[in-house]
Student: 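I'd like to ask some things about the structure below.
Hydrogens, waters and symmetry mates play no part in the numbers below; they use all other heavy atoms, side chains included.
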Amino acid sequence: MSTVGNPANIFWHENPVGKAEREKLLNQQGCVVWITGLSGSGKSTLACSLGRELQSKGKLSYVLDGDNLRHGLNKNLGFSPESRTENIRRTGEVANLFADAGLICIASLISPYRKDRDACRALLPDKKFIEVFMNMPLQLCEDRDPKGLYKLAREGKIKAPHFVGFTGIDDPYEPPLNCEIEIQLKDGVVPTPHEMAGQVVSYMENEGFLEA
Ligand SMILES: Nc1ncnc2c1ncn2[C@@H]1O[C@H](COP(=O)(O)OS(=O)(=O)O)[C@@H](OP(=O)(O)O)[C@H]1O
Ligand SMILES: Nc1ncnc2c1ncn2[C@@H]1O[C@H](COP(=O)(O)OP(=O)(O)O)[C@@H](O)[C@H]1O
């Protein structure tokens, strides 16, 4: 036990196994793959497909999906700008812990505000935060409308009684300026989940994340 770095006079327990040792035990490097985009853009689909693809390469990942987290860790949060910011902050902190533990953490959240995503990026060392932008047209997402929420938003039924906006309709989505990966239509066609995951895996391979 050490008290180094602890400003308060309380006990401070250091992690018994260092980061380098954890990564060696797991035979992989921890990082965060942050998937951002509109509701219905395919974030969860990519997260799932990527997790499977990594598993087939013997790499361990864990998915933090916005929808799921809102049933537990973030169940007290709504969709006001402040709540979304807190939702992203908490998820970023947890993702950072997973990465520190040596896992590939795949976070899939709308995360509509650039400053919130940038704050998550700033938690990790350079290159360990891989931002993936699901650059899908709003019309496509709205046509998919898997939960019927776009329809409700167009009818003005999302606002009441909480006065929140729906992302892409009456709440902004701020696209990344410098993301590592952009998933988009090819000749007007949606890439398959396997192709989307392949694009991320190729990037990770080129950057040496899947070598260890
Ligand atoms: N007002 C409003 N705006 C946007 N999205 C809404 C809203 N209300 C509910 N939902 C549903 O919640 C899912 C998004 O949760 P997130 O945690 O990813 O959102 S955020 O990052 O905090 O903006 C999102 O799920 P996904 O479709 O998986 O993205 C929506 O179905
Ligand atoms: N690459 C894809 N090809 C075909 N259908 C897709 C693809 N990506 C997503 N979908 C479909 O679109 C809908 C929304 O995808 P989802 O992953 O739930 O989006 P999000 O998590 O961004 O809300 C789902 O019905 C899903 O099956």
Student: Between E205 and K57, does any NZ, NE, NH1 or NH2 come within less than 4.0 Å of an OD or OE carboxylate oxygen?
Tutor: yes
Student: Rounded at 0.5 Å granularity, tell me how far CD1 in I158 sits from CG in D170.
Tutor: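 That separation rounds to 8.5 Å.
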Student: Using a strict cut-off of less than 4.0 Å between a Lys/Arg side-chain nitrogen and an Asp/Glu carboxylate oxygen, indicate whether K43 and D65 qualify as a salt bridge.
Tutor: no
Student: Would you say L140 and I35 are hydrophobically clustered, going by side-chain heavy atoms of ILVMFWY under 4.5 Å?
Tutor: yes
Student: Sort and list the pairs that fulfil ring pair (Phe, Tyr, Trp, His ring centres under 6.0 Å) and have at least one residue in residues 57-106, not counting sequence neighbours.
Tutor: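 Sorted result for residues 57-106: Y62-F98.
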Student: Hydrophobic clustering (ILVMFWY, side-chain heavy atoms < 4.5 Å, transitive) - are V94 and L109 grouped together?
Tutor: no
Student: Compare every heavy atom of G51 with every heavy atom of S61, then report the nearest pair and how far apart it is.
Tutor: OG-CA, 3.5 Å
Student: Do D67 and K147 meet the salt-bridge criterion of a basic N to acidic O distance under 4.0 Å?
Tutor: yes
Student: A quick test of your reading: do over 12 heavy atoms of other residues, nucleotides or ligands sit less than 6.0 Å from CG of N178?
Tutor: no
Student: Under a 4.5 Å side-chain heavy-atom rule over Ile, Leu, Val, Met, Phe, Trp and Tyr, are M134 and Y113 clustered together?
Tutor: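 Cluster IDs for M134 and Y113 differ.
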Student: Quick one: CG on D116 to OG on S111, what's the gap to the nearest 0.5 Å?
Tutor: 8.5 Å
Student: Assess whether a salt bridge exists between R90 and E86, defined as any Lys/Arg side-chain N lying under 4.0 Å from an Asp/Glu carboxylate O.
Tutor: yes
Student: Hey, is NZ on K127 packed in by over 12 heavy atoms from elsewhere, all under 6.0 Å?
Tutor: no
Student: Can you tell me how far apart CG (L46) and CD1 (I106) are? Round to the nearest 0.5 Å.
Tutor: 7.5 Å
Student: Would you say Q184 has more than 12 foreign heavy atoms packed within less than 6.0 Å of its CD?
Tutor: yes
